[in-house]
Amino acid sequence: MRIARFSIDGNVAFGAVEGEGPDGLVLDIIKGIPYAEFELSGTKVPLSKVRLLPPVLPNKVVAIGRNYAEHAAELGNEVPDVPVAFFKPTTSVIGSGDAIEYPSFSHELHHEAELAVVIGRMCREVPRERVKDVIFGYTCANDVTARDAQRREKQWARAKGFDTSCPLGPWVETDLDPSDLTIQATVNGEQRQLGRTSDMIRSIEDLVVHITEAMTLLPGDVILTGTPAGVGPLHVGDEVAVTIEGIGTLTNKVIKRG
C-alpha cells in the first residue's frame, strides 16, 4: 500500500494512493493514523487536487554515510569499519514538489539519492530477526549536502542539516522488498546516479540493529541508508529527481534562499 500525507482546503490527512498513471491516481482518506490500525474512509480525492506533504514528520532522521563502496571511493574515503551515522533535523524535511533552498554558506551543493526506511513502532535494541516488524515502509530521499562545508567542518551538522536538505516522498510504500531495487537521480532530466540497493555495504537489518543499540526509534522516524556513486552539483534553477523502483519519484527544484 502507498500511504501519502497531503493537504487539501487547509486540512492535513493521510490517504492510500490508488490507481495508476499521473492522471489516474486518487487518495482514499485514512481514518486515524497509519502507524496503528486504521480504516479507509471511502472518501476519495484526485491526487491532482491536493498538495503532497512530506509523507512523515519524523522525530529524527538518522542518516548513514559511506554505505556504498563506489561512493566512498569517488570522494576519496575508505569504507568505514562501522556505520557512520549522523542526524538531519526535522526542519530539514520537505516533500516532493517543495523547493530546496541553496544555503548562503555554500558554493558546492550536491544531490545524494537514497532509500529511506520509515519506522512504524517505538523500538530499541531490535534483534535482527525482528527488524521487519518495526518497519512501516520505504520512501525516496535526497540527502542534499553542502559538500564544501562538509570538507571544512569536522561535524556535518550544517553541511547536511540545513533547512530543506532532506526531501522525502512522494509517499511511503508499505509492501516492498528493499533488498535489490534500482535507485537513480536525474538533474534536469539527465541521469547522474544509477545503482542498486543490493550494493549497500551494510543491510537495512544491520543499520536498524546498529542504530537501536544506541537510541529509541519512534513511529515516523526515518533512516537514510546511504547513496550510490554519481553524486554531483546542483545549481539554482535545477530540478532534481530521485526515483526508486517500486516506490516512485521524488522531485524538487533548487531555488535561491530568499
Side-chain angles (χ1 to χ4, degrees), residues 1-5 14 16 30 32-38 54-69 71-72 79-90 92-93 112-143 160 166-183 195-228 242-248 250:
M1 181 178 288
R2 294 172 291 179
I3 305 293
R5 181 171 162 269
F14 289 94
I30 288 173
I33 58 173
Y35 309 118
E37 294 291 332
F38 67 85
V56 290
L57 281 180
N59 175 270
K60 53 189 170 292
V61 177
V62 187
I64 302 297
R66 303 171 189 169
N67 199 29
Y68 288 76
H71 169 60
V79 173
D81 293 333
V82 296
V84 174
F86 57 94
F87 291 109
K88 293 175 82 79
T90 57
S92 70
V93 175
E112 295 192 6
E114 308 204 7
L115 175 69
V117 180
V118 179
I119 298 300
R121 62 178 64 179
M122 186 170 67
C123 58
R124 186 179 68 171
E125 296 185 347
V126 180
R128 178 175 297 275
E129 64 272 14
R130 295 294 304 277
V131 166
K132 290 183 179 179
D133 297 338
V134 307
I135 293 175
F136 175 63
Y138 305 89
T139 192
C140 306
N142 192 347
D143 177 20
K160 288 179 171 285
C166 189
L168 298 174
W171 41 64
V172 177
E173 174 58 67
T174 63
D175 184 16
L176 186 71
D177 179 355
S179 61
D180 187 26
L181 303 174
T182 300
I183 177 171
R196 301 197 68 85
T197 56
S198 54
D199 293 329
M200 288 183 192
I201 297 167
R202 295 175 180 88
S203 68
I204 290 170
E205 288 80 9
D206 293 335
L207 299 181
V208 172
V209 169
H210 180 77
I211 292 166
T212 62
E213 284 177 341
M215 69 190 72
T216 299
L217 295 178
L218 302 175
D221 280 352
V222 170
I223 298 172
L224 305 189
T225 58
T227 192
V242 175
T243 301
I244 299 179
E245 179 183 359
I247 300 175
L250 165 69

### Test item: Arg5 and Val56 side chains (from C-beta on) under 4.5 Å apart, heavy atoms
no
### Side chain to side chain, Leu176 and Leu181, heavy atoms closer than 4.5 Å
yes
### Contact check, side chains of Phe136 and Pro34, non-hydrogen atoms, under 4.5 Å
yes
### Task
Could you tell me which non-hydrogen atom of Tyr138 sits nearest to which non-hydrogen atom of Leu115, and how far apart they are?
CB-CD1, 3.9 Å
### Query
Do side-chain atoms of Thr90 reach the backbone of Asn59 as a donor and acceptor pair under 3.5 angstrom?
no
### Query
Going from NZ on Lys132 to CG on Asp177, what distance comes out if it is rounded to the nearest 0.5 angstrom?
6.5 Å
### N/O donor-acceptor pair under 3.5 Å between Thr139 side chain and Ala116 backbone
no
### Leu218 side chain reached by Lys60 side chain, heavy atoms, under 4.5 Å
yes
### Query
Do any pairs count as a salt bridge (charged side-chain N to carboxylate O under 4.0 Å, His left out) and have a residue in residues 206-217, sequence neighbours left out, and if so which ones?
Arg128-Asp206
#### Entry: Under 3.5 Å donor-acceptor, Asp143 side chain and Lys160 backbone
no
### Task
State whether the number of non-hydrogen atoms from other residues, nucleotides or ligands found under 6.0 Å of Glu37 atom CD is greater than 12.
no
### Message
Quick check: closest heavy atoms across Gly220 and Val118, and the distance to 0.1 Å?
### Response
CA-CG1, 4.3 Å
### Task
Flag the pair Val208 / Val134 as yes when at least one side-chain heavy-atom distance between them is below 4.5 Å, and no otherwise.
yes
#### Entry: Partners meeting salt bridge (charged side-chain N to carboxylate O under 4.0 Å, His left out) with Arg130 (sequence neighbours left out)
Asp133
### Message
Do Ile183 and Ile244 make a side-chain contact, defined as non-hydrogen atoms from C-beta onward lying under 4.5 Å apart?
### Response
yes
### Message
With no hydrogens and no angle check, just 3.5 Å: does a side-chain donor-acceptor pair link Thr182 and Arg196?
### Response
yes
### Task
State, yes or no, whether a side-chain contact exists between Thr197 and Pro178 at a heavy-atom distance under 4.5 Å.
no
## Note on the structure
Tested for side-chain contact (heavy atoms from CB on, under 4.5 Å) against Val117, the lone hit among Leu224, Leu207, Ile135, Val62 is Ile135
### Query
Are Glu112 and His71 close enough that some pair of their side-chain heavy atoms sits under 4.5 Å apart?
yes
